[in-house]
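Being a predicted model, the structure only gives us computed values, none of them experimental. Throughout, protein chains are lettered first and strands after them, A, B, ... in sequence-line order, and every chain is numbered starting at 1.
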Amino acid sequence: MLQIYNSLTKKKEVFKSVEEGKVSIYTCGPTVYSSSHVGNFSAFLMADLLVRYLKYKGFEVKWIMNITDVGHLTDDNELSDSGEDKMEAASKKENKTVWEIARHYEDLFMKDLKTLKILPAFKYPRATEHIEEMIDMIKLLDEKGVIYETSDGVYFDISKFKDYGKLSGNSLEALQAGARVEVNEDKKSPFDFALWKKLTGKNEDHIMKWDSPWGTGFPGWHLECSAMSKKYLGETLDFHTGGEDNKFPHHESEIAQSETANGKKFVNYWMHKSHIVLNDEKMSKSLGNFFTVQDVMNKGFSADSIRFTFITAHYRSKLNFNEDQLNESQKTIDKFNDFIQTVLKVNTSDCEDETASIIKSAKQQFEKGMDDDLNMSVALASLFGFMKSIRKNIESGNVSKESKTAVLDFMKELNSIFEVFDFDEKKEKEFSKDEQDVINKLIEKRNKFRAEKNWAEADKIREELIRMGVNIADKK
RNA sequence: GGCGACGUAGCCAAGCGGUAAGGCAGAAGUCUGCAAAACUUCUAUGCACCAGUUCAAAUCUGGUCGUCGCCUCCA
């Protein structure tokens with residue numbers, strides 16, 4: 001029985017899908033005005049882990065991740081000078097059109113998704129290709145009487161939505177009291193958010209623009225997720241995931257729009273990824289303290305170690321991202337793969353062994369952990385115990401052919417979640433007869449040095465052999 | 001100022017009222033150097049601090065201190 005911490009109710013809840021056996025998941029994807037960094041991908045890996053575990057449990061999963069390719073202002077306020085369009089700023093900086101910028105960073109994003117072995121979503125809808133759906137939603141909201149028009153745009157009147165603030169734990173009053181935003185005189189409340197922006201004031205020359213019943217302009221940034229999730233997944237979603245920074249105002253506003261427009265509950269389970277931190281400070285584009293996947297790989301770390309680090313750290317605790325974490329992940333991956341190699345090479349015998357019950361209990365423990373809000377620490381602990389038990393069986397020489405297959409099948413099943421295991425048996429390197437002669441001579445020579453306790457020379461030969469692809473493991 | 005999360009060994013981390021899982025690092029050993037793998041054993045009388053509730057508290061309550069996040073674009 002899968003339990004998930006729902007950020008809306010702030011409780012762990014037993015998961016029940018809207019439709020028996022099927023699950024719909026919507027993930028807030030990237031805004032493609034610059035490279036996504038590993039912190040961004042940690043949120044997508046959280047979704048990947050969820051998708052993979054649900055599939056492991058036998059659900060049919062439909063996963064949608066949007067691509068935000070409309071340039072959005074940093075601020076809805078006309079009064080603020082800090083508001084700039086990120087897409088257009090990038091376009092000027094890189095001397096490309098906004099469309100080129102969007103496609104360029106989208107391509108990079110897709111490449112990194114693949115590198116990190118994140119499962120392909122059902123679709124990656126682009127905001128710019130769903131303007132009509134967004135306009136339709138504004139029309140629906142208009143019918144419900146919750147919007148109003150000003151000289152610069154169309155806004156959602158949040159006083160018309162009782163639960164506004166529920167997700168982020170704010171009441172409207174508290175929001176007003178703690179407000180740090182500047183006041184736009186035309187808006188009824190500073191927290192009313194834009195559904196449509198007109199080409200006036202500093203948006204006069206906005207490059208991406210579309211016609212609408214409210215004049216030429218561009219959509220508000222919360223709208224795309226409401227419109228696209230409805231189109232591809234329906235009015236009530238099982239899961240909606242994203243980074244914790246999206247809770248307010250983005251997801252809060254999505255709820256207001258979708259529930260008002262559709263008259264139905266928008267999302268059953270909200271999941272938010274805690275930020276990863278660097279020296280106790282969150283990694284973010286605006287702080288500038290970020291690494292891209294490529295940056296980390298250029299330092300010599302494998303993509304798998306990045307993947308493993310993020311899926312094994314719990315998604316609701318902030319991960320302090322550093323090289324130690326990556327090194328440890330790599331070691332753990334190697335440990336699993338060494339184990340798999342040992343199993344692949346084991347010589348089976350006709351015998352009874354306890355493999356079946358070892359696998360059964362490991363599987364139970366693993367699922368017990370994962371079922372508890374994806375508690376990977378508990379899940380992993382069961383696997384370390386599992387490997388130890390199986391190795392003992394192997395050392396005692398009691399492994400049947402069936403057991404060997406069962407262990408490998410179990411590891412493969414687990415790999416549908418981890419996706420970092422390697423099942424290719426590492427064959428001894430083949431050498432020609434001449435090479436074999438050379439190697440034998442070197443080994444003889446080294447043994448002689450060892451007998452003489454001439455360790456320096458012996459080590460030199462070992463290094464030479466390793467370079468040739470010969471592994472030396474000294475035993476008594 | 002408002003809202004929220006967290007503080008368990010050198011590091012990462014589980015635990016959700018019954019007496020501290022697991023991983024990394026470290027130590028000793030199986031083993032005549034060193035390195036690698038595996039295995040065995042060891043490594044927190046204590047869970048930020050102070051009170052309280054209880055037969056029993058890392059776990060519940062109140063307070064204190066500290067760290068971080070959100071409240072403006074960010075996963």
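Judged by Watson-Crick or G-U wobble contacts below 3.5 Å, the nucleotide B:G26 has B:C42 as its partner. Using the Watson-Crick or G-U wobble rule with both distances under 3.5 Å, B:A5 pairs with B:U67.
The side-chain hydrogen bond (donor to acceptor under 3.5 Å, both in side chains) check on A:T9 picks up A:E13, with sequence neighbours excluded. Residues forming a side-chain contact (heavy atoms from CB on, under 4.5 Å) with A:S317 (at least two apart in sequence, or on another chain): A:H314. Checked against side-chain contact (heavy atoms from CB on, under 4.5 Å), A:V296 has the following partners two or more places apart in sequence or in another chain: A:V38, A:F291, A:F301, A:I306, A:F321, A:L326. For A:N40, the side-chain contact (heavy atoms from CB on, under 4.5 Å) test picks out A:S36, A:H37, A:F44, A:K285, with sequence neighbours left out.
A gap of 23 Å separates the P atoms of B:G10 and B:C6, to the nearest Å. Atom name C1', nucleotides B:G69 and B:U61: the rounded distance is 26 Å, in whole Å.
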Tell me which donor-acceptor pairs under 3.5 Å the side chains of residues 359-366 of chain A have, and how far apart each pair is, sequence neighbours excluded?
unit_1	atom_1	unit_2	atom_2	d
A:K363	NZ	A:E413	OE1	3.1
A:K363	NZ	A:E413	OE2	2.7

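Counting non-hydrogen atoms under 4.0 angstrom, A:H272 reaches nothing in the nucleic acid. A:G39 comes within 4.0 angstrom of a nucleotide base, judged by non-hydrogen atoms across all strands.
Judged by distance alone, with hydrogens and angles left aside, A:D459 brings a side-chain donor or acceptor within reach of the base of B:G33, the pair sitting under 3.5 Å.
A:C28 SG to A:I67 CD1: the interatomic distance, rounded to the nearest 0.5 Å, is 11.5 Å.
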Can you check nucleotides 26-28 of chain B for protein contacts, nitrogen or oxygen pairs under 3.5 Å, and list what you find?
none

*What string of B, S and - do you get for nucleotides 12-25 of chain B 5' to 3' if you count protein non-hydrogen atoms under 4.0 Å?*
SSSS-----BSBSS

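Annotation: salt bridge (Lys or Arg N to Asp or Glu O under 4.0 Å) contacts involving residues 307-331 of chain A, sequence neighbours excluded, comprise A:D48-A:R307, A:K299-A:E323, A:R316-A:D373. The stretch residues 379-395 of chain A participates, sequence neighbours left out, in no salt bridge (Lys or Arg N to Asp or Glu O under 4.0 Å) pair at all.
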